[in-house]
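Below is one structure, written out as structure tokens, with a few remarks after it.
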Amino acid sequence: MIELSHVKKTYRDRTVLEIDTLTVPQGETLALVGPNGCGKTTLLRILAGRLKSTEGSVKAAAPVLYLPQKPYAFRGTVLHNILLGTHKKRGEALRLLEETDLLHLKDKKAASLSGGELQRMALCRLLVRPCSLLLLDEPTSACDAAGTELLLGVLRRYREATGCTMVLSTHTPAVALNTANRLIILNGGTIEADGGPQTILRAPESDWAKQFIAGWRI
Ligand SMILES: Nc1ncnc2c1ncn2[C@@H]1O[C@H](COP(=O)(O)OP(=O)(O)O)[C@@H](O)[C@H]1O
Ligand SMILES: [Mg+2]
């Protein structure tokens with residue numbers, strides 16, 4: 001569950017996010033899309049409690065798990081990275097590594113992984129724990145088509161098992177359309193369109209949204 005009311009984020013005198021109201025019921029999967037700089041990361045960081053809004057009130061379900069836009073590796077092996085703080089979850093960690101096609105890398109130094117592998121490892125590190133709110137900032141940006149499919153399957157299963165609310169940002173139309181039951185298009189920090197993906201595709205709420213979706217070429 002998420003409830004935002006009159007949320008504004010300002011840097012000096014520049015407003016980069018302004019959302020009057022946003023309510024996301026528990027269990028919904030919401031995709032955030034929009035051009036670079038439209039405020040996706042800012043909104044996710046506010047929801048994650050990593051960034052304070054300048055104005056307004058933010059309520060979000062806990063516990064929350066957050067995947068930053070730039071995934072990172074801690075010292076040690078891939079398996080060690082996933083078990084940090086949750087050593088009892090070894091079986092679960094191995095299952096996730098298998099699901100994300102990383103099992104053969106479990107004893108490799110995490111710092112030596114490729115971009116796509118690192119992104120999948122960072123996701124495993126989150127998903128070894130249950131949560132009520134899962135926030136993912138461009139979770140498939142470093143994945144090829146096969147890797148993207150793999151991750152979407154893993155996310156779908158996690159969501160079904162936990163009943164969590166999921167908010168993800170993406171530049172990949174297929175990711176937004178295949179995972180989310182709701183789509184929000186951000187433009188310059190404000191909500192340009194908000195609704196079911198198919199509804200937005202069929203009848204965009206504004207000319208700007210129409211132009212943006214036309215760029216998806218689906
Ligand atoms: N620490 C900061 N100081 C000043 N401006 C920032 C800061 N962080 C983000 N911004 C600005 O806020 C806007 C939204 O950024 P961001 O949320 O990262 O967009 P997106 O994730 O959609 O690409 C951008 O114009 C960015 O330059
Ligand atoms: Mg971003």
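Predicted model, so just to flag it, every value in this text is computed and none were measured. Ligands are counted one by one from 1 in listed order, and the atoms in each one are counted from 1 as well. For this chain, numbers begin at 1 and follow the sequence in order.
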- Note on the structure: Closest non-hydrogen atoms of Ser206 and Glu192, given as atom of the first, atom of the second and distance, are OG-OE2, 2.7 Å

- Message: Treating Thr179 as the side-chain partner and Val175 as the backbone partner, does any N or O pair qualify as donor plus acceptor under 3.5 Å?
- Response: yes

- Task: Give the protein residues with at least one non-hydrogen atom closer than 4.0 Å to an atom of ligand 1, ordered by chain and number.
- Result: Tyr11, Arg14, Val16, Pro35, Asn36, Gly37, Cys38, Gly39, Lys40, Thr41, Thr42

- Message: Tell me which one of Thr29, Ile200, Thr199, Leu30 satisfies side-chain contact (heavy atoms from CB on, under 4.5 Å) with Leu183.
- Response: Ile200

- Item | With Thr41, the side-chain contact (heavy atoms from CB on, under 4.5 Å) member among Glu138, Arg50, Gln69 | Gln69

- Query: Between CD of Glu99 and CG of Leu151, what distance do you get to the nearest 0.5 Å?
  - Reply: 10.5 Å

- May I ask you to check if any N/O/S atom from Asn36 comes under 2.8 Å of the Mg ion (ligand 2)? no

- Task: For residues Ser57 and Val7, report the shortest heavy-atom separation together with the two atoms involved.
- Result: O-CG2, 3.5 Å

- Message: So that I can check it, does any N, O or S atom in Thr41 come closer than 2.8 Å to the Mg ion (ligand 2)?
- Response: yes

- Message: Below 30° counts as parallel, above 60° as perpendicular, anything between as tilted: where do the rings of Phe74 and Tyr72 land?
- Response: perpendicular

